[in-house]
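It should be emphasised that the depicted structure is a prediction, and the values quoted were computed from it without experimental measurement.
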Amino acid sequence: MEEISILDLQNLRHLIGGYSTTHCKMTDYASFAQDSEIKKFFQDSADSAMKNKQELLKFL
């Protein structure tokens with residue numbers, strides 16, 4: 001694998017942080033949702049954000 005540049009590392013850090021924030025927010029929103037469809041939407045979004053974060057971490 002090629003060496004990763006400082007700019008690439010900064011971009012990864014930014015994206016990973018964003019997905020972490022999204023995961024936390026969506027999990028929190030899901031915990032407060034009363035409607036089961038909305039709760040599922042937020043939980044699916046949280047799961048997707050965590051999956052994306054894990055995929056990006058593989059580049060480090």
Side-chain angles (χ1 to χ4, degrees):
M1 185 167 124
E2 283 187 39
E3 209 171 294
I4 193 164
S5 72
I6 297 296
L7 180 59
D8 290 333
L9 284 173
Q10 290 173 341
N11 287 335
L12 277 172
R13 181 177 60 102
H14 177 75
L15 289 169
I16 290 167
Y19 281 125
S20 290
T21 300
T22 300
H23 175 262
C24 290
K25 286 185 175 187
M26 294 298 123
T27 301
D28 195 43
Y29 296 158
S31 71
F32 289 106
Q34 300 296 319
D35 185 274
S36 62
E37 287 183 38
I38 293 173
K39 183 183 266 312
K40 182 178 179 349
F41 171 78
F42 284 131
Q43 192 57 55
D44 289 348
S45 297
D47 295 343
S48 177
M50 182 56 72
K51 181 179 180 259
N52 291 335
K53 176 185 171 185
Q54 295 300 326
E55 287 295 316
L56 288 172
L57 285 170
K58 292 178 184 178
F59 290 100
L60 300 179

Quick one: closest heavy-atom pair of Lys39 and Ala30, and the distance? NZ-O, 2.7 Å
Separation of Glu3 CD from Asp8 CG (nearest 0.5 Å): 11.0 Å
Could you state the interatomic distance from CD1 (Ile16) to CD (Gln54), rounded to the nearest 0.5 Å? 9.0 Å
How many angstroms lie between atom CG of Leu12 and atom CG of Leu56, to the nearest 0.5 angstrom? 6.0 Å
Starting at CG of Leu15, measure out to CG of Leu57 and round the result to the nearest 0.5 Å. 11.0 Å
Distance col, row Asp44:CG vs Lys51:NZ, nearest 0.5 angstrom, shows 12.5 Å
Between NZ on residue Lys25 and CZ on residue Phe42, distance to nearest 0.5 Å: 11.5 Å
Give a yes or no on whether a salt bridge exists between Lys40 and Glu37, defined as a side-chain N under 4.0 angstrom from a carboxylate O. no
Give a yes or no on this: more than 12 heavy atoms of other residues, nucleotides or ligands lie within 6.0 Å of atom CD1 of Ile6. no
Any non-hydrogen side-chain atom of His23 less than 4.5 Å from a side-chain atom of Tyr19? no
